[in-house]
Structures are given as C-alpha cells and as structure tokens.
Amino acid sequence: MMNKKHLIGEGFKHVFLMALSLLCVFPFYWMIVGMTNSSADITMGKLTFGNKLVENITNAFNYSNLWRAFGNSLFLAVIVTGVGLLICSIAGYAFVVFPSRGKEILFLALIASMMVPFAAKIIPMFRMFSKMGLLNNYLAIILPAIGSPFLIFFFKQNSYSFPKDTLEAARMDGLNEYQIFFKIYMPMMKSTYAAAGIFMFMASWNNYMWPLIALQSDKKFTLPLVVANLGSGFTPDYGMTMVGIVLSTLPTVIVFFTLQKSFVEGMTGSVK
C-alpha cells in the first residue's frame, strides 16, 4: 500500500515538474516560431512554424545594423564581466580576510545601497557623468556596473568557505597577498566566479535603461536599444522584432548552459 502511494506521489511530482518545464520553455518556443511567421500571424497567436523566416531575417538586418549593436553589447558585457568579477571578488575577499575596524559599517552601507531603486540614481548619475564629459561614452556604462554591491556581498559570503588554514600556510610559505589571491583563492573559488559571471554577464547584456540615457549615438547603441526600436512604426513588424529578440537571447542562453554546472556549485559556495 505504501509503495502504491509512493508511486502515485512520484507520478504527480513528475507530471507537475513536466508541466512547469513546459511553461518555462513556452516563451522560447513562441519566440522561435514567431520569427518564422508574418506580423499578422503573430498577432493572431499562430503557434506553428511559418515560411517567413528568411524574409524576417533579411528585413531585420536591412532595417538596422544588428551586428554592430550585437558587437557593442558583447564588448560591454565582456569588459564589465571581466573587470567586475576582479573588483567584486577582491572586495568580497578583503571583507573576510583582512581585519579592519570600520569594515562592518562599510559593509552595512554597501547593503543599504542595494535598497536604493535605480530610478532614484538616474539623475545624479546623469549629472555626474555629464560633468565628467563621459556621456555617449562606454565608460559611462562600464564604471557603474563593475562595482556591483550584490556581487561584492555574494563573494563575501562565499569567501567564508575559503579555508583559513590554506591562507595561513601560504603566508608561511612566503607568498604575498597578491600571490595568495591570484594563485590560490581564484582557482579554488572558480565555481563562485562562474555563478557571479553569469549574473554579471546577463545584467550587462540586458541593460536597457541606463544605456538609453547615457548613449546618444546610433553607432554606439547596444542590442537591447536596437531591438526595442526594431519593427516599430505605423505598422509594427513583429516578425522582425522576434528575429532581434532571438539574436539577443542566444548569448545569455549559451553562457548559462556552458557554466550551469559551475553555477549550481557556486551558489552553494563550494570550494575546489
């Protein structure tokens, strides 16, 4: 009797998980199907593949320079992710490893900054970068993104799993703090770096509001800005829009599936 109840329970669980998986996958299916249909078919809710794929792709790339926008977004995402991981990991590591009187107060201020909505920071950021002469410059996008309070907090919490015995042994062997960080800490915390890298890459890649305000030249527009205007007009072309959405989604999907194993390990704070 117990085995029968157990099997029924497992069956319901698997059915529920399958239904949930289909619900999560459906937007991706609809997006891919949409790029093969006309705007009228998409509006009517057609869920089968059509024959407008080549036409939609041709129109999308003729309407705007998607490849240039793709390259701009990729450049910014790679720079922000690489530099941001280095800065945030150093900060998180320092909060745990180095003793300091005021570090708890500084950390509380860092946490408090996470509670400030981005809308409240737009005008001060705009005025600051305007006075610095960095508007319409990629530095205006890179500088605010490389010091993420959330990722500093993330690295700080994961740094508690870094063995102190290893740290002390390295110091006794004559390694300085830079050598310990780059030769021991970073390789041992690679799963944490992978998880943080996914967060930072996706945040940079999908960043829309601040680039819309800070960038003023069409040649410097990122992919989200171009896709938002793709197919707009008196008669919107949703087929072209779907092409742009698929193009903008692919890098994040590739990055996630490439690093998903390390992502799960990093979220648990594992040390290798």
Side-chain angles (χ1 to χ4, degrees), residues 74-118 120-121 125 138-139 141-207 210 251-272:
L74 187 62
F75 170 77
L76 286 172
V78 170
I79 295 295
V80 167
T81 302
V83 178
L85 285 179
L86 180 63
I87 291 175
C88 293
S89 60
I90 290 175
Y93 173 81
F95 270 118
V96 174
V97 171
F98 300 115
S100 174
R101 271 183 166 182
K103 71 176 183 180
E104 294 303 325
I105 297 174
L106 182 61
F107 183 69
L108 288 175
L110 184 74
I111 296 299
S113 70
M114 295 171 60
M115 303 177 189
V116 180
F118 179 74
K121 298 185 283 186
M125 286 173 61
Y138 283 148
L139 284 176
I141 309 300
I142 294 170
L143 292 178
I146 57 178
S148 168
F150 169 73
L151 288 182
I152 294 174
F153 169 77
F154 181 71
F155 273 105
K156 176 181 180 291
Q157 296 305 112
N158 280 276
S159 292
Y160 284 116
S161 64
F162 182 65
K164 291 186 177 180
D165 293 342
T166 303
L167 180 64
E168 295 300 327
R171 286 173 176 169
M172 290 178 64
D173 286 341
L175 272 68
N176 60 40
E177 298 301 328
Y178 295 103
Q179 290 172 323
I180 293 172
F181 181 82
F182 288 105
K183 294 184 178 181
I184 298 177
Y185 176 84
M186 290 182 72
M188 292 182 69
M189 303 294 290
K190 62 181 181 180
S191 297
T192 302
Y193 276 93
I198 291 175
F199 279 117
M200 185 157 275
F201 183 88
M202 293 181 70
S204 177
W205 184 266
N206 295 322
N207 193 9
W210 179 238
T252 56
V253 172
I254 292 171
V255 168
F256 178 79
F257 280 106
T258 302
L259 300 175
Q260 67 172 1
K261 183 179 178 181
S262 297
F263 173 78
V264 174
E265 293 175 353
M267 293 303 293
T268 60
S270 61
V271 176
K272 295 294 183 183

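Small disclaimer: the values here were computed from a predicted structure and weren't measured. What you see below is based on every heavy atom in this structure, not just the backbone, and it leaves out hydrogens, waters and symmetry mates.
In the displayed structure, K183 atom NZ is contacted under 6.0 Å by at most 12 heavy atoms of other residues, nucleotides or ligands. The number of heavy atoms from other shown groups lying within 6.0 Å of CD1 (I105) does not exceed 12. Within 6.0 Å of CZ on F98 lie more than 12 heavy atoms contributed by other residues, nucleotides or ligands. Within 6.0 Å of CZ on F118 lie more than 12 heavy atoms contributed by other residues, nucleotides or ligands.
Aromatic ring centres of F153 and F95: separated by at least 6.0 Å. Between Y93 and F155, the ring center distance fails the sub-6.0 Å criterion.
Across all non-hydrogen atoms, the minimal contact from N158 to M189 is O-CE, 3.2 Å. Nearest heavy-atom pair across Q179 and G174 is OE1-O, 4.2 Å.
Under the side chain to side chain contact (heavy atoms under 4.5 Å, CB included) test applied with I79, the options I142, L139, L74 reduce to a single match, I142.
Rounded to the nearest 0.5 Å, atoms OG (S204) and CZ (F75) are 10.5 Å apart. Atoms CZ and CE, from F150 and M114 in turn, are 6.5 Å apart once rounded to the nearest 0.5 Å. Rounded to the nearest 0.5 angstrom, L167 CG and I184 CD1 are separated by 8.0 Å. The CD1 atom of I152 lies 12.5 Å from the CD atom of Q157; values are rounded to the nearest 0.5 Å. Interatomic distance, I198 CD1 to T258 OG1, rounded to the nearest 0.5 Å: 8.5 Å. With values rounded to the nearest 0.5 angstrom, L106 atom CG is found 10.5 Å from I111 atom CD1.
For N207 (side chain) and A203 (main-chain N/O), no donor-acceptor pair under 3.5 Å exists by modelled atom type. Remark: the backbone N or O of L110 is paired with a side-chain donor or acceptor of S113 at under 3.5 angstrom. N176 places a side-chain N or O within donor-acceptor distance of the main-chain N or O of Y178, the cut-off being under 3.5 Å.
Residue pairs meeting the salt bridge (Lys or Arg N to Asp or Glu O under 4.0 Å) criterion with at least one member in residues 154-168, sequence neighbours excluded: E168-R171. Sequence neighbours left out, not one pair with a member in residues 97-106 passes salt bridge (Lys or Arg N to Asp or Glu O under 4.0 Å).
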Exercise for review: Walk me through it: do M202 and V255 pass the test side chain to side chain contact (heavy atoms under 4.5 Å, CB included)?
Suggested key: CA-CA 9 Å; M202 293 181 70; V255 168; 5.9 Å; no
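Contact check for P144 versus K121: no side-chain heavy atoms found under the 4.5 Å cut-off.
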Using a 3.5 Å cut-off and no angle test, enumerate the donor-acceptor pairs between side-chain atoms of residues 80-90 and protein atoms at least two apart in sequence or in another chain.
{"from": "T81", "atom 1": "OG1", "to": "A77", "atom 2": "O", "distance (Å)": "2.6"}
{"from": "S89", "atom 1": "OG", "to": "L85", "atom 2": "O", "distance (Å)": "2.6"}
{"from": "S89", "atom 1": "OG", "to": "L86", "atom 2": "O", "distance (Å)": "3.0"}
{"from": "S89", "atom 1": "OG", "to": "Y193", "atom 2": "OH", "distance (Å)": "2.9"}

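Note on ring orientation: taking the six-membered ring where Trp is involved, the planes of Y185 and F162 are perpendicular (angle over 60°, cut-offs 30° and 60°).
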